[in-house]
Every structure is written in C-alpha cells, then in structure tokens.
Undergrad: 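Here it is: the structure, laid out below.
By convention in this document, chain letters (A, B, ...) are assigned in the order of the sequence lines, proteins followed by strands, and residues within each chain are numbered from 1. Both backbone and side-chain heavy atoms feed into the values below; hydrogens, waters and symmetry mates do not.
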Protein chains: 2
Amino acid sequence: MKRLPDTELEVMKALWTTGPDTPRALLEARLAPFSWAANTINTYLSRLADKGFVAVRREGKSNLYTPLVDQEAYQAFDSRAVLDRLYGSPRNFVAALARQGIRRDELEDLQALLDQLNGGPQ
Amino acid sequence: MKRLPDTELEVMKALWTTGPDTPRALLEARLAPFSWAANTINTYLSRLADKGFVAVRREGKSNLYTPLVDQEAYQAFDSRAVLDRLYGSPRNFVAALARQGIRRDELEDLQALLDQLNGGPQ
DNA sequence: TCTATCATACTACACTTGTCGTAGGTCTGA
DNA sequence: TCAGACCTACGACAAGTGTAGTATGATAGA
C-alpha cells in the first residue's frame, strides 16, 4: 500500500462514506465544497483505479466506483507511516498535538480509548 | 507553514539533531544511510531555504545551514495537519494504530503522557 | 431523426519532488 | 603557480500531483 495524495484521499473519503458510487453523485453529495470540475473527479478516480484503491464497473450509462481498500485498513497503514516518518512513537505524536493545543474533550476521548485497549484483551 | 516532502524532512531531522551545520557534515554524520550524492543534499537545503525552514550563512569555504523552524513547532503543526487530513481526532488516530497493532510499551508510554497532561493521576 | 446533453477516455500542462550533472570559483599542496 | 580537490549555484529531467480541456460516443427529447 502507498500513501495517497491529498486530493485522491478526499475522493476515497467520499467513497468510504457513500459506498460504491458514480462520479457525479460523489461530486454532488460529498465533494461539492471543493468546487472541482467533473473531469477532475474522473481523473482522481482513474488514478485510484490504477493504484488498485477502487474498482470500476459500468453501471448503465455511467461508471460505478467501488472502494477496494477500506478506511480502517488505510488508516491503520497510514497512521503507522506517520509515526515512522517523524514521531517514532504514539506518545511523541500526542505530545506534539498537546504542544499545539489539544482540547479537553479530545483528551478524554483518547483516555477512554486507552482504558478500553487496556481493559480489553488482558 | 507547509508540510515538507519526505526527503526535505529527513534533512531537517538531521539539522535538528546536529544543530547548524554544513552539507558535508550532515551527509557524513547523519544522512549517510540514504546514499545521496552531495549535490542532492545541497538541493534539499536550498529548497528548505526557499521555504523559510533554514537560514544560510557563509562559513569559511562552505555554507552553514541553521534551522529556522524547530522540531517542536514543526511537529505541533504537522500532527494537527495529520488529524485534519484523515483522522479527525487523536482518538481515531490511536485507534487506527491499535488496529494495525500497537505495542504494549507504546501504550504505556502514551498512558504516562496522558497522566501527565491531566496533572498526574488525580 | 437530429440535436443538445452527458459520461467517458484521453490529452495536456504547470508545479512539486526526487535525484543528479555541469560550470565555475577558491584553496592548498607540490 | 598550477593541478586537484572542494564548494556552491544553476540547470536538468523523470515521475507524481493538481486541475481541467477535448474528442467522442450514447441518449433522450423536439
């Protein structure tokens, strides 16, 4: 797996929330804020297909794109890549966030997750 | 501030550990594992200078590069950018790591940091 | 059936990134 | 003082990314 560029990732995020979908539907339902031309989205989808992140199938008069990599898997891969690239450890990552300001509710959420990770398999 | 490409980030990491330094010294002391040509490092340093990440000063017969952005600041910025790009919250980021496998010591380190951020185990 | 519409495939193009090569100046030992 | 050795500045070039235009085929009313 390879890390995706920003724009392609935005398209994947859209696909992850809608599920298999056509370019136009994605544009209208999820990607409108980017004000991309329809062709632009097609380009990103083609590139994602080339990279094996989505499958293309003809659906009536338009293409239907289906995610082949799910969000969980991509995030699992990407998060570790983030650590390797710059932080080394989860602790350093969170410490960096904290330096820049971490909200109390974010901290609490994180603590809740840790409690769960510790309480769970053990 | 902008996120740096991989290679430029490696050079910044080298500069952060050595402090102000010359291209050759960086290459020999920190960047040898990459097997980059000397010119390659010069290019990365020039680009970093263009982007305002380092300052250049003539030091005898070679250039001395000084980091203008410190590691703490860059990490603070970058870590938040990582969340915005894909995870939304620290919790989601750590959850993604956990899915892919997080080591027990990493978890403990992180917990220790949280305790500290919360002002100790209160 | 002819035309306006829409979708796709293909092409384009500037900018960024990864990686060096070349040209030309300076220092240093023979 | 002259050839290497080094250094830097600048150019180069392929691949990747951001963004869209063009050509072309299918479609659905008029």
Undergrad: Take the protein atom CG of A:Asp50 and the nucleotide atom P of C:dT11, then report the distance between them rounded to whole Å.
TA: 13 Å
Undergrad: Are any of A:Arg24's side-chain N or O atoms less than 4.0 Å away from OP1 or OP2 of C:dC6?
TA: no
Undergrad: How many Å lie between CG on B:Asn63 and P on D:dC10, as a whole number?
TA: 11 Å
Undergrad: Between B:Lys51 and B:Ser35, name the one whose nearest nucleotide on DNA chain C is closer to the 5' end.
TA: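 Final value for this comparison: B:Lys51.
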Undergrad: What is the separation between atom CZ on A:Arg47 and atom C1' on C:dT11, rounded to the nearest whole Å?
TA: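 Distance check: A:Arg47 CZ to C:dT11 C1' gives 12 Å.
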Undergrad: If hydrophobic clusters are built from ILVMFWY residues whose side chains come within less than 4.5 Å, do B:Val69 and B:Leu64 share one?
TA: no
Undergrad: Over how many whole Å does the gap from A:Arg3 atom CZ to D:dG16 atom P extend?
TA: 17 Å
Undergrad: Respond yes when some side-chain nitrogen or oxygen of B:Trp36 is under 4.0 Å from OP1 or OP2 of C:dT19, and no when none is.
TA: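 Result: yes.
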Undergrad: Measure the distance from CD on A:Glu10 to P on D:dT19 and round it to the nearest whole Å.
TA: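 In whole Å, D:dT19 P and A:Glu10 CD are 11 Å from each other.
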Undergrad: Regarding A:Ser62, tell me which of base, sugar-phosphate or nothing describes its non-hydrogen contacts under 4.0 Å with the strands shown.
TA: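 Answer is sugar-phosphate: A:Ser62 comes under 4.0 Å of backbone atoms only.
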Undergrad: Please list, chain by chain and in numerical order, all residues satisfying ring-ring contact (aromatic ring centres under 6.0 Å, His included) with B:Tyr44, sequence neighbours excluded.
TA: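 Partners of B:Tyr44 under the ring-ring contact (aromatic ring centres under 6.0 Å, His included) test: B:Trp36.
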Undergrad: How far apart are the closest heavy atoms of B:Arg91 and A:Asp109, and which atoms are they?
TA: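 Minimum heavy-atom contact is NH1-O, 3.6 Å.
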Undergrad: I want to verify a distance call: between D:dA20, D:dG18, D:dC7, whose nearest atom is closest to the A:Pro5 side chain?
TA: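 Nearest nucleotide to the side chain: D:dG18.
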Undergrad: For the residue pair A:Trp16 and A:Tyr74, categorise the inter-ring angle as parallel (less than 30°), tilted (30 to 60°) or perpendicular (more than 60°).
TA: tilted
Undergrad: Could you state the atom-to-atom distance from CG of A:Leu31 to P of D:dG18 in whole Å?
TA: 14 Å
Undergrad: Both A:Thr22 and B:Tyr44 contact DNA chain C. Taking the nearest nucleotide for each, which residue is further toward the 5' end?
TA: A:Thr22
Undergrad: Separation of A:Arg58 atom CZ from C:dA7 atom C1', in whole Å?
TA: 7 Å
Undergrad: Does any N or O donor sit under 3.5 Å from an N or O acceptor when you compare the side chain of B:Asn39 with the base of C:dT22?
TA: yes
Undergrad: Strictly below 4.0 Å: does A:Thr7 bring a side-chain N or O up to OP1 or OP2 of D:dG18?
TA: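 Yes, within the criterion.
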Undergrad: Starting from the 5' end of DNA chain D, give me the residue, A:Thr43 or A:Leu4, whose nearest nucleotide shows up first.
TA: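 Whichever sits nearer the 5' end wins; that is A:Leu4.
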Undergrad: So what does B:Thr40 touch, heavy atoms closer than 4.0 Å: a base, only the sugar-phosphate, or nothing?
TA: base
Undergrad: Take atom CG of B:Leu45 and atom P of C:dG18, then tell me their distance rounded to the nearest Å.
TA: 14 Å
Undergrad: In terms of hydrophobic clustering (I, L, V, M, F, W, Y; side-chain heavy atoms under 4.5 Å; direct or indirect links), are A:Phe77 and A:Leu68 co-clustered?
TA: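 Cluster IDs for A:Phe77 and A:Leu68 differ.
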